[in-house]
Amino acid sequence: MNKMDYDRALYYTHRSEWDNLLILMVRTKDNFLSKKIESFLHAYNFEHNYSVIEENLYSLLRYIEHANELAMDEYIHTNLS
């Protein structure tokens with residue numbers, strides 16, 4: 001689990017850096033993160049219904065939050081054990 005990928009995804013999403021988010025989608029080893037980014041970018045570029053875009057964005061952000069928590073738990077468990 002690479003915590004840096006989740007931090008980058010959050011940063012790029014917050015800053016609307018879609019090109020960098022696309023590059024991260026291709027380079028990350030987390031397939032689920034890659035799919036969440038792909039779904040969001042596809043909706044952002046091709047969907048006319050804003051609620052679908054919003055739903056994909058929130059899904060991506062929820063996953064980033066979840067993965068960051070898991071990465072932090074793994075870090076704490078590894079370093080404090």
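Within a 6.0 Å sphere centred on CG of N45, other residues, nucleotides and ligands contribute more than 12 heavy atoms.
Salt-bridge check for R62 with E65: failed, with every basic side-chain N at 4.0 Å or more from each acidic carboxylate O.
When side chains are defined from C-beta on, N20 does not count as touching Y11, because their heavy atoms never get closer than 4.5 Å. Between I64 and D7, every side-chain heavy-atom pair lies at or beyond the 4.5 Å cut-off. Taking 4.5 Å as the limit, every side-chain heavy atom of L22 sits out of range of all side-chain heavy atoms of I37.
Checking K3 against N68 by side-chain atom types alone, a donor-acceptor pair falls below 3.5 Å. Between Y6 and D30, the side chains place a donor N or O and an acceptor N or O closer than 3.5 Å (distance only, hydrogens not considered).
One hydrophobic cluster, built from ILVMFWY side chains closer than 4.5 Å, cannot hold both L57 and V52; they sit in different ones. In this structure, L33 is not a member of the same hydrophobic cluster as M4, with clusters built from ILVMFWY side-chain heavy atoms closer than 4.5 Å. In terms of hydrophobic clustering, with Ile, Leu, Val, Met, Phe, Trp and Tyr side chains grouped at heavy-atom distances under 4.5 Å, L21 and V26 are assigned to a common cluster.
Summarising the geometry, atom CD belonging to E17 is positioned 10.0 Å from atom CD1 belonging to I23; distances are rounded to the nearest 0.5 Å. Of the inter-residue distances, the one linking R27 atom CZ with R8 atom CZ reads 9.0 Å to the nearest 0.5 angstrom. Between atom NZ of residue K36 and atom CE of residue M25 there is a gap of 14.5 Å, rounded to the nearest 0.5 Å.
The backbone N or O of E55 sits nowhere less than 3.5 Å from a side-chain atom of S59 that would complete a donor-acceptor pair. Put simply, the side chain of T28 never gets that close to the backbone of S34: no donor and acceptor are under 3.5 Å apart.
The minimum heavy-atom distance between A43 and I53, with the atom names listed, is O-CG1, 3.4 Å. Closest non-hydrogen pair, D5 versus K29, comes out as OD2-N, 4.1 Å.
Evaluation of the side chain to side chain contact (heavy atoms under 4.5 Å, CB included) rule for S39 yields N56 as partners, not counting sequence neighbours.
Applying the ring-ring contact (aromatic ring centres under 6.0 Å, His included) rule to pairs touching residues 55-75 yields F32-Y63, sequence neighbours excluded.
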